[in-house]
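Quick notes on the structure that follows.
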2 protein chains.
Amino acid sequence: MQVTERTAPTLDDVARAAGVSRATASRVINGAVPVSRPATEAVRKAVAMLGYRPNVAARALVTRRVGAVVVLVPETEERVFSDPFFSRAYHGALEAFRHTGIHVLLSMSHPHDGVDPMLAFFQSDHADGAIVISHHGYDFARAVANSNRPVVFVGNPGVPGLAYVDVDHARAAATATRHLLSRGAQTLGTVTGPMDMFAGVERLRGFQQAMAQAGRSGHLTAEGDFTFAGGEAAAFDLLSHHPEIDGLFVASDLMASGAIRAAERLGRRVPGDLMLVGFDDSLVATQSIPQLTTMENRPDLLARTAGQMLLEKLNGRQPESPVILPSRLVVRDSA
Amino acid sequence: MQVTERTAPTLDDVARAAGVSRATASRVINGAVPVSRPATEAVRKAVAMLGYRPNVAARALVTRRVGAVVVLVPETEERVFSDPFFSRAYHGALEAFRHTGIHVLLSMSHPHDGVDPMLAFFQSDHADGAIVISHHGYDFARAVANSNRPVVFVGNPGVPGLAYVDVDHARAAATATRHLLSRGAQTLGTVTGPMDMFAGVERLRGFQQAMAQAGRSGHLTAEGDFTFAGGEAAAFDLLSHHPEIDGLFVASDLMASGAIRAAERLGRRVPGDLMLVGFDDSLVATQSIPQLTTMENRPDLLARTAGQMLLEKLNGRQPESPVILPSRLVVRDSA
DNA sequence: ATGAAAGCGCTAACAC
DNA sequence: GTGTTAGCGCTTTCAT
């Protein structure tokens, strides 16, 4: 009674079974190079019979390709799982690599360990390239970019020379602002995102630009942090000090929904006493009461585009960068 | 002006720079084997100076270890991201591998492509082992188990011989049932999970067992599907036909919260007219009104335990299996 | 179109 | 404690 060796079949086994050389077997398996019909069929048959699977480590050693890319999200898994932005983005990344045979891994940071393990993973040749989805973290962006592997960012990483995809925050904010004006709002204010984030700064800039163009002043601002609570607090503050405000551009839907609560606490009705435009067109936009008029923001499209760019880079081409996606106004009930 | 070669430094470069052999350099880098102080320091210095990083492909080729495990979730990414069970489980898996130097990847299925890419990924040596989190899918369990790599399941996979971690569904259900009885409920019913799922069947069994032990009949049952809507429908049906029911064991919190709605529609108050015990102690348990009395279920613990078992397997040991975790009653307002 | 042979970067006997 | 050597399984020139 002999113990069956449980060693996986190698390319050598396949070649032998097919009666060809290892080189020919390799050619059949990888396509591309022309191989004669009989040889091709013999190899295919041998592969099927032996249940052969190429050893990716051996292959990677020579091709320097592992056949996988990674979506790096320098946020704790708790945030990644709770914020729909990331899941939608991951979905988009997946789309970009469908039918390419390239796996799309997902890596987020551990609450205690921070981003180091993510970096280590990426720098250790586990992936051929990365899509980084981050709203902040310049250091991380730099570190990732230094890996000498192709990387594309979703959202302006704030580091010159890096490829990225983003929406035109300023333009979108201006559109939102003009919508409020066209609806007859007399005094506009804005609840901004954090001023240390690109998106926060740009959305404010767009608001102020549109106001200036309309001959108005855009000085009524309060800084939020993109959370519900932060939005509520900022809006409450702004509206308390400036009860004359009848139109508010809020730089995210979540904050806008907090702003609705603030307005309620101050006895003001939306949109009757106060018109509101949010940003993101996320789920809360349709869940809040009233439903939010907002600027569309498509994380799936952003990530899909980033994926396509990454694919180009992997193929040795240099995609245009940055790619700036348009954002359209979605009119609902809040303005 | 010469172009700087951008080839990553190899172990050879390190060895040369340190004035030792490649083998010694390797020993220093991997620890374990004793190396003299001077040699150790020379190598460390060389590594730092050159920015050397081991090539995982080359290493994997000889060690047959890639330094990563994968959490396989045969559900669409949409479900994975929206159901807190999975995020909590992933968190637990991460915990198990902290400080081991082993990366924990996450792989879910694409809505269009199904589970094949996941399988392909795992079977192609991208990971040394897997934790499978699935509530169903015997075929998938079999396929994964056939990969000849260590695998541990979270939840009984229903295939004999496979290692898994689970809660004692029947025991927990019995505890829930006895709680209802001890609170004075006279006529008990249960809304079950799907009968093609292990958890569904077992929780029903526990209910009936406890009823039998108390000399009661456990025939008042209605099958749900673990969703809110399914729970509401099943409860509505059961309560309409059997208005005498004053105690209900509902096999998941989500369904229990649906059952509350059903009770409301029938003009019955919880817990006044109807006592309710759920299962999972998930977020909805505290969000529903009234808050749910429920059986604890800890996906993070399940996955962490599975991770520890996987780690043992990777180290050549055979962990006890199955591991059945206890579940305790969490008393809140619904019973 | 095909085979022989070199070598990717690393670890693990094995000798000393 | 250290160096030498032999591969791990694969792709890829280079001949033919």
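Throughout, protein chains are lettered first and strands after them, A, B, ... in sequence-line order, and every chain is numbered starting at 1.
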> What residue pairs, at least two apart or across chains, pass salt bridge (charged side-chain N to carboxylate O under 4.0 Å, His left out) with a residue in residues 48-71 of chain B?
Replying inline: none

>> Output one letter per nucleotide in nucleotides 8-16 of chain D: B when a protein non-hydrogen atom lies under 4.0 Å from the base, S when only the sugar-phosphate is that close, - when neither is.
In response: BBBBBB---

> Sequence neighbours excluded, which residues qualify as ring-ring contact (aromatic ring centres under 6.0 Å, His included) partners of H112(B)?
Replying inline: H110(B)

> Roughly how bent is the helix from dA1(C)-dT16(D) to dC16(C)-dG1(D) end to end, in steps of 10 degrees, with each end axis from five pairs?
Replying inline: 30°

> Going by the ring-ring contact (aromatic ring centres under 6.0 Å, His included) test, which pairs reach into residues 61-82 of chain B, not counting sequence neighbours?
Replying inline: F81(A)-F81(B)

> With sugar-phosphate meaning primed atoms plus P, OP1 and OP2, does V20(A) contact a base, only sugar-phosphate, or nothing at under 4.0 Å between heavy atoms?
Replying inline: sugar-phosphate

Pair up each side-chain donor or acceptor in residues 155-162 of chain A with any protein partner under 3.5 Å, not counting sequence neighbours, and list the distances.
{"from": "N156(A)", "atom 1": "OD1", "to": "G158(A)", "atom 2": "N", "distance (Å)": "2.7"}
{"from": "N156(A)", "atom 1": "ND2", "to": "Y164(A)", "atom 2": "OH", "distance (Å)": "3.1"}

> With sequence neighbours left out, what residues match F97(A) under ring-ring contact (aromatic ring centres under 6.0 Å, His included)?
Replying inline: none

> With sequence neighbours left out, what residues match D113(B) under salt bridge (charged side-chain N to carboxylate O under 4.0 Å, His left out)?
Replying inline: R98(A)

> Among pairs that include at least one residue of residues 115-130 of chain B, which meet salt bridge (charged side-chain N to carboxylate O under 4.0 Å, His left out), considering only residues two or more places apart or in two chains?
Replying inline: D125(B)-R149(B)

>> So A60(B), base contact, sugar-phosphate only, or nothing? Heavy-atom distance under 4.0 Å.
In response: nothing

>> Between the side chains of E41(B) and K45(B), is the shortest nitrogen-to-carboxylate-oxygen separation below 4.0 Å, so that they form an ion pair?
In response: no

